[in-house]
Peer 1: 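Below you will find the structure I want to go over with you.
What you are looking at is a predicted structure, and each value in this text was computed from that prediction instead of being measured. Note on naming: letters A, B, ... go to the chains in the order of the sequence lines (proteins, then strands), and numbering restarts at 1 for each one.
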Number of protein chains: 2
Amino acid sequence: MTMNVRTLCLGILSLREATGYEIRKMVEKGAFSHFIDASYGSIYPALARMLKEGLVRVRTEDDGSGRPPRKVYTITGKGRAELQRALNTDPAPDKFKSEFLFQMLFLERIDPAHLAVIYDAYIEEQEAELHALEEDAGALPEHPGTRFVQDYGRVMLGTAIAFLKERRVEMLEAFAEHGGTGERPIGDGEGCCSGAMGVSGEEEDRA
Amino acid sequence: MTMNVRTLCLGILSLREATGYEIRKMVEKGAFSHFIDASYGSIYPALARMLKEGLVRVRTEDDGSGRPPRKVYTITGKGRAELQRALNTDPAPDKFKSEFLFQMLFLERIDPAHLAVIYDAYIEEQEAELHALEEDAGALPEHPGTRFVQDYGRVMLGTAIAFLKERRVEMLEAFAEHGGTGERPIGDGEGCCSGAMGVSGEEEDRA
DNA sequence: GTGTACATGTAAAGTGTTACATGATTTC
DNA sequence: GAAATCATGTAACACTTTACATGTACAC
């Protein structure tokens with residue numbers, strides 16, 4: 001369904017009128033932040049373009065304080081129709097990118113001490129997101145779609161946190177004591193820590 | 001840690017030598033596909049650039065069949081050092097984008113029949129991914145990082161599928177019978193089905 | 001014979017992020 | 001006095017996807 005920033009803005013504006021700044025804040029934190037993202041650099045141009053196309057209207061609120069006046073956007077009938085259309089197409093498959101998991105895949109190449117830091121930081125991050133979600137849960141109006149999405153987030157985050165905690169010792173212990181004792185199963189890497197170790201020349205390989 | 005296609009290729013090449021085509025196949029399906037993505041249009045240029053920079057080497061295998069010869073890439077010492085460096089930086093936060101969840105958020109604007117199709121298709125998609133992961137699990141060599149990531153995927157996918165099945169009736173029933181009977185809690189939309197309904201003029205709004 | 005897998009690569013188009021520019025007000 | 005919040009917007013850059021171009025071999 002091409003869920004671009006455009007559709008995202010329409011969706012939010014279908015719930016209530018908002019400024020670009022507010023839209024950003026809604027997707028930066030809050031209930032939707034875990035499966036949606038957009039920055040100012042994409043939101044403002046999207047709103048401007050949609051204004052030209054008649055999908056939204058603006059009302060400028062100048063509070064005479066010298067700061068940029070708030071530009072409150074409202075969705076139009078045309079905008080609602082466009083949203084409807086987008087919503088009734090098939091969703092594209094989910095996209096999930098995790099540098100953390102990528103790093104875990106190659107954990108024997110990470111400095112054991114640093115690995116522990118990364119691992120714990122990741123758990124904390126997930127916990128923070130879960131707490132944010134739960135705080136938000138009370139604030140938002142009761143509504144089946146919102147509740148579904150929030151519950152989904154809660155369940156998934158809870159599961160991830162439990163998994164990470166359960167595996168923590170096992171994951172970190174395996175490499176904490178011996179930074180390379182016995183076998184190193186993958187490849188034949190040159191040590192595992194200190195970024196600048198084997199960077200001697202240009203073409204020093206065996207095999 | 002800027003996990004771009006570059007780092008991804010280095011990571012895979014640190015496990016074994018491969019062609020661009022093979023790298024694509026590994027991230028398209030298989031054990032890593034759920035948290036990694038890259039297409040030919042980014043893989044081939046990345047490999048070419050890394051070759052110039054001395055991070056990888058190539059061996060061209062022409063089987064005299066007229067078809068493009070395989071270009072098998074091998075990681076160099078410099079490449080390993082670069083991978084090590086990347087691996088030892090802090091991971092960027094996960095990015096998860098889900099059009100499906102976005103649609104669920106606005107489910108009252110989706111044609112009930114279509115909603116059911118979307119919902120079930122999504123479940124099937126998750127199940128297919130889980131099966132792919134489990135098939136792959138046997139094929140790959142035993143290795144802590146790989147196992148961790150696979151188990152993580154299994155647990156998360158299993159949880160998602162269970163959640164979706166548990167909520168299915170509740171989600172679809174609420175809107176299947178009455179396409180708008182009683183209150184419609186969000187906004188004040190114009191009906192909910194058939195893409196071309198309220199698209200009369202250009203500027204027909206109240207409020 | 002039709003489709004899929006193998007296999008490489010380029011160019012254009014699209015989409016989004018980051019950094020910048022500006023500036024008042026409020027909180028620590 | 002420093003930092004964060006409010007508030008808008010642009011421009012350069014990065015990255016990726018999509019479509020195209022090319023062609024064999026094998027399975028159904």
Peer 1: As a test of reading the structure: which of C:dT8, D:dA7, D:dC6 is closest to the side chain of A:K25, going by heavy atoms?
Peer 2: D:dC6
Peer 1: What is the distance, rounded to the nearest whole Å, between atom OH of B:Y44 and atom C1' of D:dC20?
Peer 2: 15 Å
Peer 1: A:F96 and B:F35: aromatic ring centres closer than 6.0 Å?
Peer 2: no
Peer 1: Rounded to whole angstroms, how far apart are NZ on B:K29 and C1' on C:dA5?
Peer 2: 11 Å
Peer 1: If the threshold is 4.0 Å, N to carboxylate O, is there a salt bridge linking A:E82 and A:R80?
Peer 2: no
Peer 1: Among C:dA7, D:dT17, D:dT8, which nucleotide sits nearest the side chain of B:R70?
Peer 2: C:dA7
Peer 1: Send over the distance from B:N4 CG to C:dG16 C1', rounded to a whole Å.
Peer 2: 16 Å
Peer 1: Using a cut-off of less than 4.0 Å, is there contact between a side-chain N or O of A:Y21 and OP1 or OP2 of D:dT8?
Peer 2: no
Peer 1: Does OP1 or OP2 of D:dT17 have a side-chain N or O of B:S39 closer than 4.0 Å?
Peer 2: yes
Peer 1: Starting from C1' on D:dT16, measure out to NZ on B:K95 and report it in whole angstrom.
Peer 2: 12 Å
Peer 1: Is B:K71 near enough to C:dG9 that one of its side-chain N or O atoms lies under 4.0 angstrom from OP1 or OP2?
Peer 2: yes
Peer 1: Parallel, tilted or perpendicular: which fits the ring planes of B:F148 and A:F163, with parallel below 30° and perpendicular above 60°?
Peer 2: tilted
Peer 1: Could you check whether B:E53 pairs with B:R6 (Lys NZ or Arg NE/NH1/NH2 to Asp/Glu carboxylate O, under 4.0 Å)?
Peer 2: yes
Peer 1: Check this for me, if you would: do B:E22 and B:R70 make a salt bridge, where the nitrogen-to-carboxylate-oxygen distance has to be below 4.0 angstrom?
Peer 2: yes
Peer 1: Can you tell me the distance, in whole Å, between the CZ atom of B:R6 and the C1' atom of D:dA14?
Peer 2: 13 Å
Peer 1: What's the OH-C1' distance between A:Y73 and D:dT8, to the nearest Å?
Peer 2: 9 Å
Peer 1: By nearest nucleotide on DNA chain C, pick out whichever of B:G41 and A:R49 is the more 5' one.
Peer 2: B:G41
Peer 1: Roughly how many Å is it from CD in B:E61 to P in C:dT8, rounded to a whole number?
Peer 2: 10 Å
Peer 1: What's the CZ-P distance between B:R24 and C:dC6, to the nearest Å?
Peer 2: 13 Å
